[in-house]
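To keep things clear, I will list the structure first and then write my remarks on it.
Note on naming: letters A, B, ... go to the chains in the order of the sequence lines (proteins, then strands), and numbering restarts at 1 for each one. Atom set for the values below is all heavy atoms of this structure, side chains included, hydrogens, waters and symmetry mates excluded.
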2 protein chains.
Amino acid sequence: MNRHKISVSETRQRLLVSAGEVFAEQGFYNTTVRDICRRAGVNIAAVNYYFHSKEELYDAVCTHSLDLAVNKYSPTLGITEGTAAQERLHTFIRSLLFSILEKGQPFWHEKLVTREMNNPTMALDSMVETTIKPRNKLLSSIVKDFLGKGASEELIRQCCLSIIGQCLHYHYAQPVIQRLYPKQKFSAEGIETIADHVTRFSLYALQQFKPRGKQIMECRADHSMAAIRRGKNSSKH
Amino acid sequence: MNRHKISVSETRQRLLVSAGEVFAEQGFYNTTVRDICRRAGVNIAAVNYYFHSKEELYDAVCTHSLDLAVNKYSPTLGITEGTAAQERLHTFIRSLLFSILEKGQPFWHEKLVTREMNNPTMALDSMVETTIKPRNKLLSSIVKDFLGKGASEELIRQCCLSIIGQCLHYHYAQPVIQRLYPKQKFSAEGIETIADHVTRFSLYALQQFKPRGKQIMECRADHSMAAIRRGKNSSKH
DNA sequence: GACAAATTAAAACAATTGTTTTAAACATCT
DNA sequence: AGATGTTTAAAACAATTGTTTTAATTTGTC
């Protein structure tokens with residue numbers, strides 16, 4: 001009977017994978033269960049047999065991809081307390097960009113989240129709690145390091161939105177970016193370049209927002225990014 | 001007979017208005033012709049009578065709203081050659097933000113374009129030519145003023161994307177911004193505040209990108225934005 | 001091998017979509 | 001007023017969606 005549920009029927013897993021692929025790519029509303037089943041090589045009825053509906057399948061995909069995300073590819077990764085602020089910023093931006101622009105299962109969740117931000121389903125509320133708020137908190141702490149104690153909550157929030165906005169734009173506007181700049185590459189190499197720019201752009205701005213004082217000199221510092229770049233892929237073609 | 005086509009049946013106009021409203025709000029795919037007709041107080045068959053299909057109705061809305069946009073509310077408005085670079089930047093950002101965040105007929109077109117950028121239909125290609133490319137060219141020229149002659153095409157492009165990205169984020173991520181910051185207002189007053197921040201943020205970054213030289217002092221200048229603010233609504237509550 | 005449960009397959013269902021048909025209502029002109 | 005062309009209204013159509021039903025097949029256990 002149901003003594004040992006070994007291999008919860010590979011069909012279920014196949015559905016989960018195919019659904020993750022399509023949902024991350026096209027979003028909830030633009031995806032049909034027939035498409036999912038076709039890719040999974042599975043009968044249509046399977047989605048209602050294993051999950052009870054398209055919605056619950058989507059929920060399953062969300063929690064499953066969240067598991068993958070937090071366990072293996074959290075944007076917090078490598079950002080410790082001790083790290084210098086500008087490097088923490090760079091790491092944050094880099095991870096975010098990779099997770100929304102790179103293809104592949106590990107990055108499904110961020111794509112789902114990014115879609116939800118723009119085109120919500122019933123899953124958004126939980127995503128706000130599990131993913132967006134923590135991510136925002138992390139970025140806020142980084143921004144705070146730049147702006148200092150005196151910075152208002154509003155300014156911090158606005159700067160966070162400016163940074164996130166720059167990143168997500170490459171995801172949201174991908175169709176038109178491809179047309180405007182056909183040479184724009186979204187390979188790993190290309191994403192690194194984008195990350196470098198966004199970091200530099202934001203760094204420059206943040207440094208200027210800092211209250212008047214000693215940083216007048218250091219804000220001019222161009223070696224800030226150089227220091228970040230060094231040791232990664234300093235010689236890129 | 002068809003000697004003088006007076007008053008092309010108010011129904012057609014009602015359809016055009018309702019369709020513009022709904023398309024701008026929900027995009028092409030999420031809009032049903034039944035919804036459009038209901039709002040217009042018109043029979044379903046009317047859309048196929050006056051326009052031949054949902055697609056052609058959408059096309060009509062696009063060209064009609066483009067007319068309104070270029071004739072009355074072009075983002076070029078007020079940006080002349082002589083104006084100071086930072087004021088041109090502020091004007092550009094302000095107009096863009098207003099046209100995607102404010103409600104109302106005059107701003108339909110930018111909302112349609114913004115939707116197309118993310119979720120293309122057959123209309124995107126023409127929009128790229130008529131709206132996006134010109135707008136990009138304008139912003140590029142402004143950015144160039146900041147970066148100077150020596151700036152590479154790639155840097156200019158990246159900075160433009162950073163600026164546009166910051167603005168459109170407020171449109172794209174509106175559902176989640178509302179949840180994260182319930183106090184965020186998108187009234188005219190609120191939009192002005194956003195425009196001020198995005199301008200300042202971008203200004204600071206651009207100034208730092210400028211090749212080394214005289215601007216070391218002036219980049220620190222906080223009065224740049226103050227000068228812009230002055231004369232608009234210098235005392236806001 | 002036989003029986004029971006779990007899984008798969010095919011077909012059908014109900015709801016929604018854009019579109020078309022059909023006829024009624026209206027307007028215009030002689 | 002009556003004929004003619006234009007516009008509206010109601011209903012039906014075909015295609016697509018998520019879901020369910022029904023029966024066939026496979027799997028596990030004795």
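At least one side-chain heavy atom of A:Tyr170 sits less than 4.5 Å from a side-chain heavy atom of A:Phe186.
Nucleotide C:dT7 holds its P atom 12 Å from the CZ atom of A:Phe51, rounded to whole Å. Taking atom CZ of B:Arg14 as the reference point, atom P of D:dT7 lies 15 Å away to the nearest angstrom. B:Lys54 places its NZ atom 8 Å from the C1' atom of C:dT17, with the value rounded to the nearest Å. In this structure, B:Tyr29 atom OH and C:dG18 atom P are separated by 13 Å, rounded to whole Å. The distance from atom CG of B:Asn48 to atom C1' of D:dA12 is 14 Å, rounded to the nearest whole Å. Here C:dT19 presents its C1' atom at 14 Å from CD1 of B:Ile36, a figure rounded to the nearest Å. Rounded to an integer number of Å, the gap from B:Phe28 CZ to C:dT17 P is 13 Å. Rounding to whole angstrom units, CG of residue B:Leu15 and P of C:dG18 are separated by 13 Å.
In the set D:dG18, D:dT8, C:dT21, D:dG18 carries the atom at the smallest distance from any side-chain atom of A:Thr32. In this structure, of D:dG18, D:dT8, C:dT17, it is D:dG18 that holds the atom nearest to the side chain of A:Val33. Closest to the B:Arg34 side chain, of the nucleotides C:dT17, D:dT17, D:dA10, is C:dT17.
Under a 4.0 Å N-O distance rule, the pair A:Lys183/B:Glu153 does not qualify as a salt bridge.
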Quiz: residues 122-131 of chain B side-chain donor-acceptor pairs under 3.5 angstrom, not counting sequence neighbours:
{"residue": "B:Asp125", "atom": "OD1", "partner": "A:Arg179", "partner atom": "NH1", "Å": "2.4"}
{"residue": "B:Asp125", "atom": "OD2", "partner": "A:Arg179", "partner atom": "NH1", "Å": "3.3"}
{"residue": "B:Ser126", "atom": "OG", "partner": "B:Ala123", "partner atom": "O", "Å": "3.2"}
{"residue": "B:Glu129", "atom": "OE2", "partner": "B:Lys133", "partner atom": "NZ", "Å": "3.1"}
{"residue": "B:Thr130", "atom": "OG1", "partner": "B:Ser126", "partner atom": "O", "Å": "3.2"}

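Side-chain nitrogen and oxygen atoms of A:Thr11 include none within less than 4.0 Å of the OP1 or OP2 phosphate oxygen of C:dT7. For A:Tyr49, no side-chain nitrogen or oxygen approaches OP1 or OP2 of D:dT19 to under 4.0 Å.
Residue-level contact check: B:Ala45 touches the bases, meaning some heavy atom is under 4.0 Å from a base atom.
Partners of A:Ala188 by side-chain contact (heavy atoms from CB on, under 4.5 Å), not counting sequence neighbours, listed by chain and number: A:Phe98, A:Glu102.
For the pair B:Lys54 and B:Phe28, the cation-pi test (distance below 6.0 Å, angle within 45°) is passed.
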